[in-house]
Amino acid sequence: QVQLVESGGGLVQAGGSLTLSCVASGFPFSTYNMAWFRQAPGKEREFVAIITYSGHATWYGGSVKGRFTISRDNAKNTEYLQMTNLEPEDTAAYYCGALFGFSANPTPEMVDHWGQGTQVTVSS
């Protein structure tokens with residue numbers, strides 16, 4: 001049974017930091033590219049970041065570049081999203097996703113497995 005479980009969301013003031021985690025099980029984690037997406041109320045799910053299965057390469061959506069860092073630990077079946085200098089516009093539910101295929105700017109339709117999401121709220 002495939003599971004992706006996110007954690008680490010919460011309420012933070014603008015300029016603050018949070019680190020999200022996503023623990024995977026039920027599929028060969030080290031062979032999948034891993035991504036983060038986010039979705040604000042009334043908006044479409046938006047690509048945030050992706051890391052290759054090996055962890056050797058990363059790509060970011062334009063609005064988070066330079067502020068967010070994606071990483072993974074294949075020994076722990078876990079991916080991370082370090083978020084710094086958070087802005088109110090970053091408020092959203094954040095979802096981790098596993099992709100067997102790859103794109104530097106993936107769409108939600110490319111994701112094979114989703115987590116349930118974790119809420120991040122940034123106050124001004």
Who else is in L11's hydrophobic cluster (ILVMFWY, side-chain heavy atoms under 4.5 Å, direct or via others)? none
For V2, the side chain to side chain contact (heavy atoms under 4.5 Å, CB included) test, sequence neighbours excluded, returns F27, H113
Might you work through the side chain to side chain contact (heavy atoms under 4.5 Å, CB included) test for S71 and E79, ending with a clear yes or no? CA-CA 6 Å; S71 61; E79 73 158 339; over 6 Å; no
Taking the side chain as every heavy atom from C-beta outward, state whether Y53 and M34 have any pair of such atoms under 4.5 Å apart. no
Inter-residue atom distance S63.OG - E89.CD, 0.5 Å rounding: 9.5 Å
Can you sort out the partners of E87 under side chain to side chain donor-acceptor pair (under 3.5 Å), two or more places apart, ordered by chain and number? none
Does V12 have any side chain to side chain contact (heavy atoms under 4.5 Å, CB included) partners at least two apart in sequence or in another chain, and if so, which? L18, L86, V122
Measure the CG-CH2 distance between L81 and W36 for me, rounded to the nearest 0.5 Å. 6.0 Å
Cluster membership besides L99, Ile/Leu/Val/Met/Phe/Trp/Tyr side chains within less than 4.5 angstrom, sorted by chain and number, is F37, F47, I50, W59, Y95, F102, M110, V111, W114
Hits for salt bridge (Lys or Arg N to Asp or Glu O under 4.0 Å) against E46, two or more places apart or cross-chain, chain-then-number order -> R38
Under the side chain to side chain donor-acceptor pair (under 3.5 Å) test, which residues partner Q116, sequence neighbours left out? E6
Mark yes or no for whether R72, through its side chain, and T52, through its backbone, hold a donor-acceptor pair below 3.5 Å. yes
Sequence-distant partners of T58, side chain to side chain contact (heavy atoms under 4.5 Å, CB included), two or more places apart: I51, Y60, I70
Closest non-hydrogen atoms of S124 and A14, given as atom of the first, atom of the second and distance, are CA-CB, 4.3 Å
Can you pull the salt bridge (Lys or Arg N to Asp or Glu O under 4.0 Å) pairs that have at least one residue in residues 102-124, sequence neighbours excluded? none
Considering all heavy atoms, the nearest A104-P106 contact: C-CD, 3.6 Å
Hey, could you give me each pair passing salt bridge (Lys or Arg N to Asp or Glu O under 4.0 Å) that has a residue in residues 28-37? Not counting sequence neighbours. none
Does T121 offer a backbone N or O that forms a donor-acceptor pair with the side chain of T91 under 3.5 Å? no
Check whether any side-chain N or O of R67 sits under 3.5 Å from a backbone N or O of N85 as a donor-acceptor pair, and report yes or no. yes
Please list all pairs meeting side-chain hydrogen bond (donor to acceptor under 3.5 Å, both in side chains) that have one or both residues in residues 9-33, counting only residues at least two apart or in different chains. none
Could you check whether any side-chain heavy atom of L4 comes within less than 4.5 Å of a side-chain heavy atom of V23, counting everything from C-beta outward? no
Would the distance check show the side chain of D90 and the main-chain N or O of M83 forming a donor-acceptor pair, the cut-off being under 3.5 Å? no
Which pairs count as ring pair (Phe, Tyr, Trp, His ring centres under 6.0 Å) when at least one residue sits in residues 67-92, sequence neighbours excluded? none
